[in-house]
Number of protein chains: 2
Amino acid sequence: MNADKIPDIIIGRLPIYLRALQRMADSGLRTISSQELGEMVGVSAAQIRKDISQFGEFGKQGTGYSIAYLLEKLREILKVDRIWNVALVGAGDMGHALARYQGFVNRGFKVVMVFDNDQNKIGQHIGDFIIEDTANMIERIKSANIKIAMLTVPAPAAQHIADDLVEAGVKAILNYAPISLNVPKSVKVQYIDPSIHLQRMTFYV
Amino acid sequence: MNADKIPDIIIGRLPIYLRALQRMADSGLRTISSQELGEMVGVSAAQIRKDISQFGEFGKQGTGYSIAYLLEKLREILKVDRIWNVALVGAGDMGHALARYQGFVNRGFKVVMVFDNDQNKIGQHIGDFIIEDTANMIERIKSANIKIAMLTVPAPAAQHIADDLVEAGVKAILNYAPISLNVPKSVKVQYIDPSIHLQRMTFYV
DNA sequence: TAGATTGTTAATCGATTAACAATC
DNA sequence: TAGATTGTTAATCGATTAACAATC
């Protein structure tokens with residue numbers, strides 16, 4: 001498998017498959033066919049098979065896929081067969097929710113530091129952390145060798161913080177600020193903006 | 001323009017354009033070319049023009065697009081030239097953050113009711129609201145004629161609540177629960193799951 | 001063995017890009 | 001008028017689907 005050749009749109013579906021398989025494993029199931037998995041996540045069986053076959057032959061004719069084995073392989077492919085330390089920037093309501101979110105650790109992530117530039121917040125507790133000063137952010141992220149950050153600052157501050165994150169060596173940013181970020185091609189950004197998601201649906205309502 | 005003929009992928013980009021234009025209008029700009037808008041949001045100029053031209057001729061050769069006019073048209077197309085009332089189900093950390101979020105109202109949305117099934121939470125305040133019992137949810141949503149809901153309940157409860165929302169007449173669900181929902185084709189779902197978004201990036205890190 | 005389901009190929013379908021006449 | 005930029009066409013590129021031999 002060559003990372004450069006795998007279409008981004010396929011990589012985007014793998015976490016969905018992974019999540020569904022994780023739930024099935026939890027409920028005690030052992031094997032699943034492309035047909036069944038497809039129905040569960042709303043994708044055609046042919047596409048499931050094509051996507052998975054990019055990375056190897058993980059299924060068995062007549063039987064389908066071993067859930068445990070496919071889980072293991074997908075975790076390897078997506079590199080979530082480990083725990084990634086994550087820095088959180090912005091200790092507002094959304095930052096608080098993410099700092100306390102229980103859904104990261106069994107999916108491969110762990111928030112390990114939280115930053116804000118508000119002097120009233122710095123030093124306060126948030127989840128298990130103490131809010132740190134963004135003034136020290138670059139240094140702290142560099143020395144902890146953190147590659148992933150979540151951004152929950154107001155829009156006007158987001159680009160500047162993103163620049164700092166890039167300088168600190170961060171390679172993946174989950175951006176909650178309602179603005180498109182400008183980063184080098186080597187840095188990935190994913191966007192979460194509830195208004196954007198809602199506006200994608202009102203057209204059809 | 002015929003809604004049935006517009007590809008979903010184009011509709012998905014319009015809110016991004018809208019958000020960028022809104023920022024530009026706020027900063028006092030008057031006109032913009034497809035080239036400039038494209039650079040801002042990371043899309044080719046040809047695609048910007050093609051996307052917009054699905055809905056009419058809104059630009060001027062030699063000049064580009066009037067920002068105010070394009071804003072107006074995009075809001076019309078996406079039906080966010082009004083305020084949509086939104087129901088929020090699940091008063092956990094994420095529900096609190098969304099109930100207090102300031103970024104909805106100038107984007108076309110307003111949270112107007114919040115539900116939870118926890119007897120300790122029901123009756124308590126959250127933002128400007130009092131948390132209501134999910135037992136009354138279907139009736140309340142129906143009589144308020146609400147078409148949009150946000151779901152921030154734990155995964156095991158999500159499908160059941162989604163069924164209730166559909167029964168109440170909701171046509172668009174923004175789902176924060178980490179699970180794929182099964183709903184009729186006439187109902188739209190958008191998914192926000194931070195772990196999924198992070199897992200789309202680790203492959204490349 | 002018979003039935004089921006994969007992995008893969010070829011065909012179809014859809015989206016993006018390049019290019020340019022029209023025109024502001 | 002000269003320069004700039006749209007809207008649109010045709011060409012290219014990429015993704016999805018259908019179908020089936022291979023095989024568990």
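Chain letters run A, B, ... following the sequence lines, proteins first and then strands; every chain starts at 1.
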Using whole Å, report how far CD1 of A:I52 lies from C1' of C:dT5. 13 Å
What is the distance, rounded to the nearest whole Å, between atom CG of A:D51 and atom P of C:dT8? 13 Å
From CD1 of B:I67 over to P of D:dT5, roughly how many Å is that when rounded to an integer? 14 Å
Tell me, yes or no, whether the heavy-atom count around A:K121 atom NZ, taken from other residues, nucleotides or ligands under 6.0 Å, exceeds 12. yes
CZ of A:R30 versus P of C:dT5: gap in Å, rounded? 18 Å
Looking at A:T31 and A:S66, would you say the former's side chain and the latter's main chain have a donor-acceptor pair under 3.5 Å? no
Could you tell me whether B:R200 and A:D8 have a side-chain N and a carboxylate O separated by less than 4.0 Å? no
Whole-Å gap separating P (D:dG7) and NZ (B:K60): 11 Å
What is the distance from atom CG of B:L151 to atom CD1 of B:I192, rounded to the nearest 0.5 Å? 11.5 Å
Take the protein atom NZ of B:K73 and the nucleotide atom P of D:dG7, then report the distance between them rounded to whole Å. 13 Å
What string of B, S and - do you get for nucleotides 10-15 of chain D, 5' to 3', if B is base contact, S is sugar-phosphate-only contact and - is no contact with any protein heavy atom under 4.0 Å? -----S
Send over the distance from A:Q54 CD to D:dT16 C1', rounded to a whole Å. 12 Å
Tell me whether the OP1 or OP2 atom of D:dG7 has a side-chain N or O from B:Y65 closer than 4.0 Å. yes
Taking 4.0 Å as the cut-off, does a side-chain nitrogen or oxygen of A:T63 come that near to OP1 or OP2 on D:dC24? no
From CD1 (B:I122) to CD (B:E132), nearest 0.5 Å: 9.5 Å
Any luck finding a side-chain donor-acceptor pair between B:E36 and B:S33 under 3.5 Å? yes
With a 3.5 Å cut-off and no angle check, do the side chains of B:Q22 and B:D26 form a donor-acceptor pair? no
Less than 4.0 Å between a side-chain N and a carboxylate O, is that true for A:D193 and B:R107? yes
Would you kindly give the CD-to-P distance between B:Q35 and C:dT17, to the nearest whole Å? 13 Å
Would the number of heavy atoms belonging to other residues, nucleotides or ligands and lying under 6.0 Å from CZ of A:R100 be above 12? no
Residue pair A:A46/A:E36 against DNA chain C: nearer the 5' end by closest nucleotide is A:E36
Which one, D:dT5, D:dG7, C:dA18, comes nearest to the side chain of B:R49? D:dG7
Check this one for me: any side-chain N or O of B:S44 less than 4.0 Å away from OP1 or OP2 of C:dT16? no
Taking for A:I10 and for A:G62 the nucleotide of DNA chain D with the nearest heavy atom, the one nearer the 5' end belongs to A:I10
Examine D:dT6: is either OP1 or OP2 under 4.0 Å from a nitrogen or oxygen in the side chain of B:S34? Give yes or no. yes
Any idea which of C:dG7, D:dG7, C:dT23 is nearest the B:Q61 side chain? C:dT23
Hey, are A:Q159 and A:D163 close enough side-chain-wise for a donor-acceptor pair under 3.5 Å? yes
Based on Watson-Crick and G-U pairs with both distances under 3.5 Å, what dot-bracket line describes DNA chain C 5' to 3', crossing pairs as [ ] and inter-strand pairs as |? ..||||||||||||||||||||||
